[in-house]
Amino acid sequence: MKKIKKAIIPAAGLGTRFLPATKAMPKEMLPILDRPTIEYIVEEAIESGIEEIIIVTGKGKRAIEDHFDRNFELEDNLMKKGNFELLNKINQSSKVEIYYIRQKEAKGLGHAIWCARKFIGNEPFAVLLGDDIVQAETPCLKQLIDQYNKTEMSIIGVQKVSEEETQRYGIIDPHSIEGRTYQVNTFVEKPALGTAPSNIAIMGRYILTPQIFKILEKQEIGKNGEIQLTDAIQKLNEIQPVFAYEFEGNRYDVGEKLGFVKTTIDMALKNDEMKDELLKYLVEKLEKISRNYIS
Ligand code: UTP
C-alpha cells in the first residue's frame, strides 16, 4: 500500500474577499492570535504524518516563504536573551520539508493542484486548503488518511452546511452512507440556490489518487471562470470511486471576514492567557447590546 507522505497546500489565490488587506499581504498569512493561518495548516499536516509539503504560491506571496525560512538574526537574538519558548515557536515547521512552486496566474484551485504534479509523481497525496483551519481532537487530515488506508481510494472531507450556504461550496450527491463515509453519485461545484443535491459540502481537505492530474490537464474552465478541482473530482469519480468522509471537528473559513473573526474569538477563548479577560469583555458587550435593544 502506498502511504500518504506528500501534501499540497494551494495558497496562490487572490484573496479578493479580504481586500484591501490582501493587496500586498497573502491571506494565508493573516494572523490568528500570534500565528499565521497557514502555520495551523502545516501543523495539521505534520500531526497527520505528512513528510513533505509543497506550497503553491503566486504573485505577492513571498511572505509565506520568508515565514517558513530560518531567520538566524532573530534566532541569535532570542538565544542571547534566553527566550527558548519563543525560539521553539518560530521553528515549528522545521519538522517537515517544505517546497514551493509558483502558479503564474490564479486560474483556479484545480489549476493550482495541477501545478504541483511533478512534485507528487505517481503516488496518492493530500490537499489542505491554505485558508481553511480545522480544530479537531484527531487532526482532520489524519481522519481522512485513516479512511484512505482502508479503501486506497480518493476521499474528500465534507461537513453539513445550511441550505443557503450550499451555493458557496462543492456539494456531493450521496449514494449511500456507512458510518461517516459516503459513496458519491456526483460532485457539483457551487450549485445555484435551491438546486443543490444535498447540504453536504466539500471542506478543504482531500486525499487524491494521482490519476487526477491527467484529468486536470484537460479540465475545462468551470464556475467563476476558474479551473475547478470539484469538476475534476467528478470526472475521477466516473473512472474510480471517490468517497466523501464527514470528519469530526470545527472547520473555520479564514478566507472570509466573518469566518476570520469567529476563528480568532474561538482560538482566543481556548487560550489560557486570554480567555478570562475576553469572556468578561464579551459578556459586558452582550449585556450592553441587549440593554440598548430592550430600551
Ligand atoms: P479560495 O477560492 O478560497 O481563494 O481558494 P481565493 O480565490 O484566494 O479567494 P477569493 O474568492 O478571491 O477571496 C481556496 C484555496 O485555493 C487557493 C487559495 O489561495 C486558497 O488557499 N487557490 C485558489 C490557488 O492556490 N490558486 C487559485 O487559482 C485559486
Side-chain angles (χ1 to χ4, degrees), residues 7-32 36-45 53-65 67-68 98-117 119-120 125-134 140-141 156-159 161 165-171 187 189-191 201-206 208 212-213 216-217 219-233 251-263:
I8 303 174
I9 302 181
L14 299 175
T16 45
R17 284 168 295 167
F18 240 110
L19 280 169
T22 46
K23 194 176 163 205
M25 183 179 75
K27 71 169 169 180
E28 296 78 10
M29 288 300 291
L30 289 169
I32 304 294
T37 300
I38 196 164
E39 196 175 300
Y40 290 88
I41 295 158
V42 165
E43 190 168 280
E44 180 188 325
I53 292 173
I54 188 156
I55 301 180
V56 183
T57 67
K59 197 171 178 301
K61 302 276 183 169
R62 279 305 294 264
I64 297 177
E65 291 180 49
H67 178 73
F68 290 115
I98 301 183
Y99 305 91
Y100 301 91
I101 184 123
R102 249 174 117 84
Q103 183 189 22
K104 292 196 181 72
E105 205 185 318
K107 290 185 185 172
L109 176 59
H111 181 257
I113 300 304
W114 182 77
C115 288
R117 68 200 178 282
F119 168 80
I120 299 294
F125 62 97
V127 175
L128 305 96
L129 295 195
D131 56 354
D132 264 357
I133 292 179
V134 183
C140 178
L141 187 63
I156 315 297
V158 292
Q159 278 195 336
V161 295
E165 285 176 307
T166 51
Q167 56 184 333
R168 287 175 36 207
Y169 294 92
I171 300 290
F187 294 83
E189 181 62 22
K190 299 188 178 70
I202 300 175
M203 288 295 184
R205 298 290 183 271
Y206 310 71
L208 294 166
I212 195 81
F213 292 120
L216 282 171
E217 201 168 323
Q219 186 58 51
E220 284 148 19
I221 288 168
K223 285 268 158 68
N224 298 343
E226 294 184 351
I227 296 176
Q228 296 289 354
L229 182 60
T230 308
D231 295 343
I233 289 172
R251 173 257 180 190
Y252 299 96
D253 182 0
V254 185
E256 55 101 18
K257 282 171 272 194
L258 187 59
F260 175 81
V261 173
K262 285 181 184 172
T263 318

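None of the values given here were measured: they were computed from a predicted structure. Order of listing sets the numbers, starting from 1, for every ligand and every atom in it.
Contact detail for Arg205 and Leu128: the closest heavy-atom pair is NE-CD2, 3.6 Å. When all heavy atoms are compared, the tightest approach of Ile41 to Gly130 is CD1-O, 3.3 Å.
A search for side chain to side chain contact (heavy atoms under 4.5 Å, CB included) contacts involving Ala11 returns Glu28, Ile38, Ile55, Ile64, not counting sequence neighbours. In terms of the side chain to side chain contact (heavy atoms under 4.5 Å, CB included) criterion, residue partners of Arg17 (sequence neighbours excluded) are, by chain and number, Lys27, Asp131, Asp253, Glu256. In this view, Arg102 satisfies the salt bridge (charged side-chain N to carboxylate O under 4.0 Å, His left out) rule with no residue, not counting sequence neighbours.
For ligand 1, the 4.0 Å heavy-atom shell contains residues Pro10, Ala11, Ala12, Gly13, Leu14, Gly15, Thr16, Arg17, Lys27, Glu28, Gln103, Ala106, Lys107, Gly108, Leu109, Ala112, Leu129, Gly130, Asp131.
Judged by distance alone, the side chain of Tyr40 and the main-chain N or O of Ile32 form a donor-acceptor pair under 3.5 Å.
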